[in-house]
Amino acid sequence: MRAHLARKLRIGRAQVLITDGVFSMDGDIAPAGKTLRHRGKYNCIMMIDDAHSSGVLGKNGRGTVDHAGVHGRVHIQVGTLTKRLA
Ligand SMILES: Cc1ncc(COP(=O)(O)O)c(C=O)c1O
C-alpha cells in the first residue's frame with residue numbers, strides 16, 4: 001500500500017492525500033505521522049476524515065491529529081455529528 005501511494009504521488013496524479021482517521025470496518029487507526037512523511041516529500045495537501053475518530057481519539061475526543069500529535073501539519077480535518085457525537 002505504501003509503495004502504491006508513493007508511486008501515485010511521484011507521477012503527480014494525486015494532489016490531495018485523503019485518509020480516514022479510523023477505518024470503520026476493523027477500527028484501524030490511520031498512521032497519520034507516517035502518511036505525513038509522504039505528504040511532505042511530495043508536497044501534496046493532506047486531509048483526514050475524522051467521521052469515526054471525532055469524540056473517540058485524542059484528548060477530549062479531538063480526533064486523529066491530536067492522537068498522532070501532528071497539529072498544524074494536516075491541511076483539512078473533517079468530522080460529522082452523526083456518529084460518536086450523536
Ligand atoms: C468515513 C466517513 N466520512 C463521512 C461520512 C458521512 O457522514 P454523515 O452521514 O454524517 O454525512 C461517513 C458516513 O458513514 C463516513 O463513514
Side-chain angles (χ1 to χ4, degrees):
M1 182 63 190
R2 198 176 311 150
H4 174 75
L5 176 62
R7 197 166 48 250
K8 286 282 186 200
L9 294 173
R10 195 164 37 246
I11 60 178
R13 285 194 193 143
Q15 300 298 315
V16 183
L17 201 165
I18 305 172
T19 182
D20 275 12
V22 170
F23 293 87
S24 60
M25 295 300 285
D26 296 321
D28 293 335
I29 299 173
K34 283 185 189 166
T35 308
L36 272 165
R37 271 183 239 131
H38 284 290
R39 187 202 78 72
K41 195 167 165 189
Y42 298 105
N43 197 29
C44 54
I45 291 171
M46 171 119 179
M47 173 178 156
I48 295 182
D49 183 333
D50 261 349
H52 301 278
S53 328
S54 300
V56 176
L57 293 181
K59 186 180 177 191
N60 295 326
R62 290 176 187 164
T64 306
V65 169
D66 190 71
H67 174 77
V70 293
H71 294 276
R73 297 173 60 201
V74 174
H75 296 93
I76 306 166
Q77 181 181 14
V78 297
T80 177
L81 300 177
T82 60
K83 304 209 183 286
R84 172 65 174 87
L85 301 180

Quick one: pull up CD1 in Ile29 and OG1 in Thr64 and give me the separation to the nearest 0.5 Å. 7.5 Å

Between Leu57 and Asp66, is any pair of side-chain heavy atoms under 4.5 Å apart? no

Give, for atom CG of Asp20 and atom CE of Met47, the distance between the pair rounded to the nearest 0.5 Å. 9.0 Å

Does Ile48 share a hydrophobic cluster with Phe23, counting links as ILVMFWY side-chain heavy atoms below 4.5 Å and allowing steps through other members? no

If we only count heavy atoms from C-beta on, is the Val22 to Val56 side-chain gap below 4.5 Å? no

Less than 4.5 Å apart, side chain to side chain, heavy atoms only: is that true for Thr19 and Met46? yes

Over all heavy atoms of both residues, which pair between Ser54 and Gly79 is shortest? Give the atoms and the distance, please. OG-CA, 3.9 Å

Would you name the heavy atoms of Val70 and Gly33 that are closest together and state the gap between them? CG1-CA, 4.3 Å

Measure the spacing between NE2 of His52 and CG of Asp28 and express it to the nearest 0.5 Å. 12.0 Å

Criterion side-chain hydrogen bond (donor to acceptor under 3.5 Å, both in side chains) against Asp50, the qualifying member of Lys83, Gln77, Arg62: Gln77

Other residues, nucleotides and ligands only: do more than 12 of their heavy atoms fall within 6.0 Å of CZ on Arg84? no

